[in-house]
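Worksheet: one structure, shown below.
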Amino acid sequence: MPLTLRAGPEAPAVPTSRRGSGRRARAALALAGPLARAIEWAPLAAASVFTLGLVWLVEAGQVLHPSVALDLMRIGGTLLGGAAAFALVDAMAADVDAAALPRWVRQGLRCLLAGGAAVVVWCAAFASLVARMRPGQLFPVGDLLVEAVVCLAIGLAAGATAVRFTTGRQAALAAVVVQLALVLGTMLLPEGLQLWPPTCGYGAWDEAHRFWLLALPVPVAWLVASGRDVR
């Protein structure tokens, strides 16, 4: 009597796009360590030391006034955002075939690594300032963080744009100039368009921070567009 072999249940087919995404995610995780070592951390480290130094040394030993603390956080956020642009200087940025992962993945990892480090330093500075202020004083972390993230996104977006046209530190320096020019430009707006209110929670504070929140997608979209592959 002939034997009939019965096939077992077939494994469900995995879409090719899903397999490709999984391989890309694993490759990106494997690349994070080498990229962290390849990033030029010196500018961000210098900006971090300067920011924390301001926080600890300005009016040292005294209770800090909220307006002074506000200025220090804004200076620190601007400096950290500009310094993060140096992380995007990539010798392989213009050569799609030179690496196992496309350019946008490599640049995205660089943004996450440098941007994450900048946010950590900013949060440490914020916590240090709050510890030096009188308990209960208004110092809204959410609003101030939005300001800092906009500055950071502008710095990274300007850096991602600059490295498309040139290489080396001059690309990052160009990004810092663009970021500082945009920040200073918003400070010089007419009084009716005040985007950096000097007192937390008063005057045009709410209106200004609604603007910053609505403006945040603009540098983020600029960053995404600038990080796409060079064809």
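These numbers come from a predicted model, not from an experiment.
Legend: salt bridge (charged side-chain N to carboxylate O under 4.0 Å, His left out) pairs involving residues 133-142, not counting sequence neighbours: none detected.
Each of Ile154 and Val177 belongs to its own hydrophobic cluster when Ile, Leu, Val, Met, Phe, Trp and Tyr are linked at side-chain heavy-atom distances under 4.5 angstrom. Note: the hydrophobic cluster containing Val178 also contains Leu184 (ILVMFWY, side chain heavy atoms under 4.5 Å, direct or indirect links). Under the 4.5 Å side-chain heavy-atom criterion for ILVMFWY residues, no single connected hydrophobic cluster contains both Leu112 and Val121. Val141 and Val120 are not part of a single hydrophobic cluster, where members link through side-chain heavy atoms under 4.5 Å apart. One hydrophobic cluster, built from ILVMFWY side chains closer than 4.5 Å, cannot hold both Val49 and Leu57; they sit in different ones.
One distance of note links CG of Leu129 with CG of Leu144; it measures 9.5 Å at 0.5 Å rounding. A distance of 10.5 Å separates OG1 of Thr78 from CG of Leu152, quoted to the nearest 0.5 Å. In this structure, CG on Leu156 lies 9.0 Å from CD on Gln179, to the nearest 0.5 angstrom. Distance check: Asp206 CG to Phe211 CZ gives 15.5 Å after rounding to the nearest 0.5 Å. Rounded to the nearest 0.5 angstrom, Leu113 CG and Ile39 CD1 are separated by 4.5 Å. Atom CG of residue Leu182 and atom CE of residue Met187 lie 11.5 Å apart, to the nearest 0.5 angstrom.
Leu70 places none of its side-chain heavy atoms less than 4.5 Å from the side chain of Met73. Within the 4.5 Å cutoff, the side chain of Asp143 has no heavy atoms near those of the Trp212 side chain. A heavy-atom distance below 4.5 Å is not found between the side chains of Val218 and Val150. You'll find the side chain of Ser48 reaches within 4.5 Å of the side chain of Leu80, heavy atoms only. Between Val183 and Cys151, some side-chain heavy-atom pair lies under the 4.5 Å cut-off. In this structure the side chain of Glu40 never reaches within 4.5 angstrom of the side chain of Val89, judged on heavy atoms.
Enclosure of atom CZ in Phe139 by more than 12 non-hydrogen atoms of other residues, nucleotides or ligands within 6.0 angstrom is indicated.
Checked by atom type and distance alone, the side chain of Gln194 never pairs as donor or acceptor with a backbone atom of Ala208 at under 3.5 Å. The main-chain N or O of Ala36 is found under 3.5 Å from a side-chain atom of Trp41 such that the two form a donor-acceptor pair. A donor-acceptor pair under 3.5 Å is formed between the side chain of Arg110 and the backbone N or O of Ala87. In this structure a side-chain-to-backbone donor-acceptor pair under 3.5 Å is present from Arg164 to Ser226. A donor-acceptor pair under 3.5 Å is formed between the side chain of Arg132 and the backbone N or O of Val55.
When all heavy atoms are compared, the tightest approach of Pro140 to Trp205 is CG-CZ2, 3.6 Å. What you find for Leu44 and Ala117 is that their closest heavy atoms are CD2-CB, 4.0 Å. What you find for Val68 and Glu59 is that their closest heavy atoms are CG2-OE2, 3.9 Å. The shortest non-hydrogen separation linking Leu64 to Met133 is O-CG, 3.6 Å. Summarising the geometry of Pro219 relative to Ala153, their closest heavy-atom pair is CB-CB, 3.7 Å, with the distance given to 0.1 Å. Across all their heavy atoms, Leu223 and Cys111 have their closest contact at CD1-SG, 3.8 Å.
Residues Gln137 and His65 bring no donor and acceptor atom of their side chains to less than 3.5 Å of each other.
Annotation for Tyr202: hydrophobic cluster partners, listed by chain and number, are none (ILVMFWY side-chain heavy atoms under 4.5 Å, direct or chained). Residues Phe86, Leu173, Leu180 make up the rest of the hydrophobic cluster containing Val176, defined by ILVMFWY side-chain heavy atoms closer than 4.5 Å, directly or through other members.
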